[in-house]
There are 2 protein chains.
Amino acid sequence: MAAKIDTPAIYESMRHKLVTAVFPPGQKLKPAVLIGDYGCSINTLREVLLRLSAVGLVTFEDQRGFRACAASARRQHDLTRFRILLEQEGATHSIRNGGLEWEARLTAAHHKLWHIESHIADQGEIAPMVDLWCAAEWEFHDTLMSACDSALLRQTFAQIYDQFRQQMVTRENNFGYFSGNLQEHADIVAAALDRDEPLVRRRIHDHLSRNLITIGVSDATAQSRFSSTAGA
Amino acid sequence: MAAKIDTPAIYESMRHKLVTAVFPPGQKLKPAVLIGDYGCSINTLREVLLRLSAVGLVTFEDQRGFRACAASARRQHDLTRFRILLEQEGATHSIRNGGLEWEARLTAAHHKLWHIESHIADQGEIAPMVDLWCAAEWEFHDTLMSACDSALLRQTFAQIYDQFRQQMVTRENNFGYFSGNLQEHADIVAAALDRDEPLVRRRIHDHLSRNLITIGVSDATAQSRFSSTAGA
DNA sequence: AAATATAAAAATATTGAAATTTCATTTGTT
DNA sequence: AACAAATGAAATTTCAATATTTTTATATTT
């Protein structure tokens with residue numbers, strides 16, 4: 001029998017390549033080329049790209065195909081502000097709803113992240129540990145919101161986090177940008193365990209707001225996911 | 001010439017049928033049946049359903065097809081809280097960024113909505129004007145956020161609004177539920193024109209919070225849009 | 001009668017190819 | 001030389017048919 005097709009696996013693989021800049025922002029994504037990497041037909045890959053455009057990692061224009069979502073200062077700015085909103089809200093909910101279980105999970109996730117970030121700080125470069133760090137950072141931020149009882153909020157946050165990561169990839173190699181993380185993550189945990197909502201909000205804001213770049217007027221990139229079908 | 005296929009139009013038509021309960025929540029959506037309404041192939045309709053599942057109006061399970069997103073108290077509750085968050089934030093941005101232009105648009109949108117709602121209040125029933133009212137209500141809430149400079153926020157709000165509407169359709173015919181709207185919409189406009197951010201936030205909350213139903217533990221409906229491929 | 005196994009039917013997923021549209025290049029005109 | 005129209009190649013969209021999986025109905029066993 002011909003090897004069975006695992007569409008979810010193809011989706012996951014493509015998603016990973018998008019958030020890690022194997023397909024850098026703006027790159028054209030041609031189904032006919034990509035089927036070489038997976039043993040499936042053009043149509044199946046088209047479906048996968050369609051789903052990825054749904055979660056904002058890929059842009060789709062009628063009759064002219066797919067592209068890895070382009071990077072722009074404006075988009076980065078917008079994603080950052082939105083992420084701050086979602087993460088502040090989610091963390092606040094967690095503080096209210098979360099019990100000892102949540103505290104334990106958060107402590108564990110932070111311990112792992114702290115270990116990896118210490119290592120990176122010692123080495124003075126991120127590159128060799130970037131995959132490990134990405135996984136740990138996601139786990140940390142997701143755990144912070146994990147006691148929030150809104151499925152919608154967590155779902156949306158996961159999407160925005162991926163889009164945010166996609167915008168950041170080129171910059172993550174910059175050690176200078178990275179260097180404050182160790183302390184900031186620790187501060188967030190401390191405030192969360194103290195159940196100090198306003199302080200957690202402030203520290204989440206400070207942690208993320210480094211990405212709030214002042215944007216020039218020249219950057220007027222279109223943002224819509226589906227140029228022709230966007231619900232409105 | 002064979003009649004050309006207009007995929008965006010099919011998408012829009014299906015979306016409309018979902019938010020107006022032509023396809024009631026939970027209903028199975030079989031591509032093979034639906035192609036009867038549009039002159040297209042199964043494959044094209046599958047793409048449309050895939051996109052609709054991306055914006056949360058349709059659920060998709062691997063190997064067992066599509067369904068109009070089910071209604072549940074839990075989901076309704078979740079959507080309401082998230083909508084309050086987004087609308088408060090968007091309105092706040094609008095107050096800060098919006099100028100005379102925005103005030104004029106808001107006044108105009110409210111005037112139309114007020115006219116329709118007065119009519120409904122006089123008649124004592126919604127049914128005959130439900131389509132008009134839906135359009136006017138969307139325009140009002142969208143305009144309220146229209147001076148917000150976050151494309152992401154407006155985009156997400158549009159999606160959540162549709163999902164919210166999908167959950168509400170059965171209840172909108174209930175006149176008792178409707179009756180407070182006239183005054184509430186007017187109050188929101190008044191506070192917005194006064195540039196009173198805290199008051200706008202409170203009134204948006206009060207306007208929407210009627211939908212914050214207490215939910216029982218029995219309602220544990222799954223919420224994920226893509227059971228098999230959801231990011232993260 | 002309840003539970004399990006089997007077979008038929010229905011629905012879904014995938015494919016390869018045809019029809020349509022866009023893109024890049026060449027050709028012809030002012 | 002500059003601009004417009006035409007050509008051909010590449011990419012995208014759509015279709016109809018095939019393979020796979022799930023569901024339904026029927027028969028068999030406990």
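Naming convention: chains lettered A, B, ... in sequence-line order (proteins, then strands); numbering from 1 in each chain. Remember, it's a predicted structure, so these values are computed and weren't measured experimentally.
Under the rule for a side-chain contact (heavy atoms from CB on, under 4.5 Å), the partners of B:Arg154 that lie at least two apart in sequence or sit in another chain are B:Asp142, B:Ser146, B:Cys148. Judged as a side-chain contact (heavy atoms from CB on, under 4.5 Å), and not counting sequence neighbours, the contacts of A:Arg96 are A:Thr92, A:Glu197.
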Produce the list of close N/O pairs, under 3.5 Å, pairing protein atoms with atoms of nucleotides 10-13 of chain C; give distances to one decimal.
| residue | atom | partner | partner atom | Å |
| --- | --- | --- | --- | --- |
| C:dA11 | OP1 | B:Lys30 | NZ | 2.7 |
| C:dT12 | OP1 | B:Lys28 | NZ | 2.6 |
| C:dA13 | OP1 | B:Gln63 | N | 2.9 |
| C:dA13 | OP2 | B:Arg46 | NH1 | 2.0 |
| C:dA13 | OP2 | B:Arg46 | NH2 | 3.4 |

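Computed from coordinates, the A:Asn43 CG to D:dA19 P distance equals 17 Å when rounded to whole Å. Regarding A:Asp6, its CG atom lies at a distance of 9 Å from the P atom of C:dT14, rounded to whole Å. Atom CG of A:Leu45 and atom C1' of D:dT12 are 13 Å apart (whole Å). For the pair A:Arg67 CZ and D:dT12 C1', the interatomic distance rounds to 14 Å; values are reported in whole Å.
Taking the six-membered ring where the residue is Trp, B:His207 and B:His141 present parallel rings, their angle staying beneath 30° rather than reaching 60°.
When each of B:Phe164, B:Trp133, B:Tyr161 is paired with B:Trp138, the ring-ring contact (aromatic ring centres under 6.0 Å, His included) condition holds for B:Tyr161 and for no other.
A salt bridge between A:Glu61 and A:Arg67 is absent, with no side-chain N of the basic residue lying under 4.0 Å from a carboxylate O of the acidic one.
The 12-atom threshold is exceeded at NZ of A:Lys17, counting heavy atoms of other residues, nucleotides or ligands nearer than 6.0 Å.
OP1 or OP2 of C:dT15 has at least one side-chain nitrogen or oxygen of A:Thr44 nearer than 4.0 Å.
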